[in-house]
**Q** 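Pasting in a structure now, in structure tokens, and then I'll have a few things to ask.
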Amino acid sequence: MNNVRPETMERITTPALAKTFIEEQVAEVRAQVGDKKVLLALSGGVDSSVVAALLIKAIGKQLVCVHVNHGLMRKGESEDVIKVFGEELDANLIYVDATDRYLDLLAGVADPEKKRKIIGEEFIKIFDEEAAKLEGISFLAQGTIYPDIIESKGVKAHHNVGGLPEEMEMELVEPLKFLYKDEVRVVGEALGLPHAMVYRQPFPGPGLGVRCLGAITRDRLAALREADAILREEFDKNGLNHVWQYFVAVPDFKSVGVRDGKRYEGWPAIIRAVNTVDAMTATIEEIPYAVLHRITERITHEVEGINRVCMDLTPKPIGTIEWE
Ligand code: XMP
């Protein structure tokens, strides 16, 4: 299989160039799959969303999308996938709510790498189970992009939960495999996907699982999800959503506070906002104090269980971007 981007391939920087690329790919995909069915794991991330939109345009209901909600998604994410793909684009979408399955398996597991392993392996199991229920699937679509090929020799980012069962012997459909991320975004917008979906910040495959530090509990996960939603909302409102990655982590210890004149024990919400080019090193975004005050006020008043907000000012190195 040819995995080198043709030297003659023009950079896709405009809607017009994206339109030409889409037309070419639609024709190619139709020629490749004929009247057969194609399966896609749709996480709702940029790459899988753009592949889904492209394939829906090319082959409509011959594409079967499986969205697994592992219970570690950010607030509103699975709902957005259902709204955009299930309703607006009328895709053939299978939605699997695996929240209980994941949280039961993760209960009491504090080691970050064990958590990642459980999350990744369970995804493969669920995807396999769903594939087994379907008949006549001949192709597997993947949101592989060119950096995946360069960095991990053709395997979709090695630590991505979207990693698929190796034993699935289906021919691959990878229409974005020669594109860089910025090109994928231009193509996504030309396909009519919402701007916020196409330009969203990177989100790790294990999701909030590696931001609910230590052993995950449902109450702390719920607090993290709410605090993270407030952070994102305030970044949007205050023109800060150009920051490369911004999120909340919630550690598994409490400190003392006061609420309504009474002692109130709660977890701290740790805010992190970093800029980077390649995620190998990162610098800290300087957030205006007024915005930090507003975020602190909202998180400590609106989120059950959180009584402090702290800001992580550590660059990478010495800190990694995620806390675990
Ligand atoms: P670190 O924490 O290593 O993060 O500085 C660098 C980038 O990688 C993301 N990250 C992950 N992405 N699965 C993923 O798909 C993971 O297990 C994982 N761990 C870290 C992180 O969000 C940052 O963008």
Side-chain angles (χ1 to χ4, degrees), residues 41-51 67-74 77-78 81 102 105-106 109-124 126-127 142-164 176 180-182 184-185 199-216 221 224-225 227-228 231-232 235 240-251 270-285 311-324:
L42 175 59
S43 67
V46 179
D47 306 334
S48 68
S49 296
V50 175
V51 169
H67 175 69
V68 178
N69 176 359
H70 50 24
L72 305 165
M73 310 289 284
R74 289 174 295 183
E77 259 177 336
S78 284
V81 169
Y102 274 91
L105 275 174
L106 287 165
V109 182
D111 180 75
E113 293 317 312
K114 279 197 190 129
K115 286 163 72 175
R116 279 191 171 81
K117 193 160 181 275
I118 290 173
I119 297 168
E121 285 178 357
E122 198 57 14
F123 175 84
I124 291 175
I126 294 174
F127 193 74
Q142 287 205 122
T144 312
I145 66 172
Y146 204 43
D148 298 327
I149 291 180
I150 299 168
E151 287 158 24
S152 36
K153 301 198 172 61
V155 182
K156 178 79 188 158
H158 61 284
H159 57 196
N160 203 317
V161 167
L164 293 169
L176 310 180
Y180 289 97
K181 198 77 172 192
D182 53 317
V184 174
R185 294 194 158 112
Y199 280 87
R200 71 180 213 163
Q201 55 166 322
F203 185 56
L208 298 182
V210 289
R211 296 177 181 171
C212 191
L213 308 179
I216 299 167
L221 179 62
L224 163 63
R225 183 174 287 120
D228 182 71
L231 180 82
R232 288 189 289 133
F235 267 50
L240 285 164
N241 55 12
H242 60 270
V243 178
W244 196 80
Q245 210 173 17
Y246 45 99
F247 59 87
V248 170
V250 178
I270 300 162
I271 297 177
R272 190 140 173 75
V274 298
N275 288 308
T276 178
V277 176
D278 55 9
M280 302 301 284
T281 61
T283 55
I284 301 304
E285 174 78 12
M311 175 102 202
D312 180 358
L313 296 178
T314 321
K316 176 180 180 175
I318 187 165
T320 46
I321 294 177
E322 301 292 342
W323 268 55
E324 46 174 50

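Atoms within a ligand are numbered from 1 in the order they appear, just like the ligands themselves. What you are looking at is a predicted structure, and each value in this text was computed from that prediction instead of being measured.
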**Q** Quick one: do F235 and L231 satisfy side-chain contact (heavy atoms from CB on, under 4.5 Å)? Show the steps, please.
**A** CA-CA 6 Å; F235 267 50; L231 180 82; 3.7 Å; yes

**Q** Are E322 and F247 close enough, and set up right, to give a side-chain contact (heavy atoms from CB on, under 4.5 Å), and what steps lead you there?
**A** CA-CA 9 Å; E322 301 292 342; F247 59 87; 3.7 Å; yes

**Q** Show your reasoning for whether side-chain contact (heavy atoms from CB on, under 4.5 Å) applies to R232 and Y246.
**A** CA-CA 8 Å; R232 288 189 289 133; Y246 45 99; 3.9 Å; yes

**Q** Suppose I only count heavy atoms of P206 and a 4.0 Å limit; which atoms of ligand 1 are within that range?
**A**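 Those qualifying, in numeric order: 13 (N), 14 (C), 16 (C), 17 (O).
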
**Q** Working note: L42 + S48, criterion side-chain contact (heavy atoms from CB on, under 4.5 Å); need CA distance, chi angles, decisive distance, verdict.
**A** CA-CA 5 Å; L42 175 59; S48 68; 3.7 Å; yes

**Q** Indicate, as side chain, backbone, both or neither, the part of F247 found under 4.0 angstrom from ligand 1 when only non-hydrogen atoms are considered.
**A**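 No part of F247 is near ligand 1 at this cut-off.
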
**Q** Mind checking whether P202 has an N or O less than 3.5 Å away from an N or O of ligand 1?
**A**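 No - when backbone and side-chain N and O of P202 are compared with those of ligand 1, no distance drops under 3.5 Å.
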
**Q** So, regarding W244 and ligand 1 (criterion: nitrogen or oxygen to nitrogen or oxygen, under 3.5 Å), is there a contact or not?
**A** no

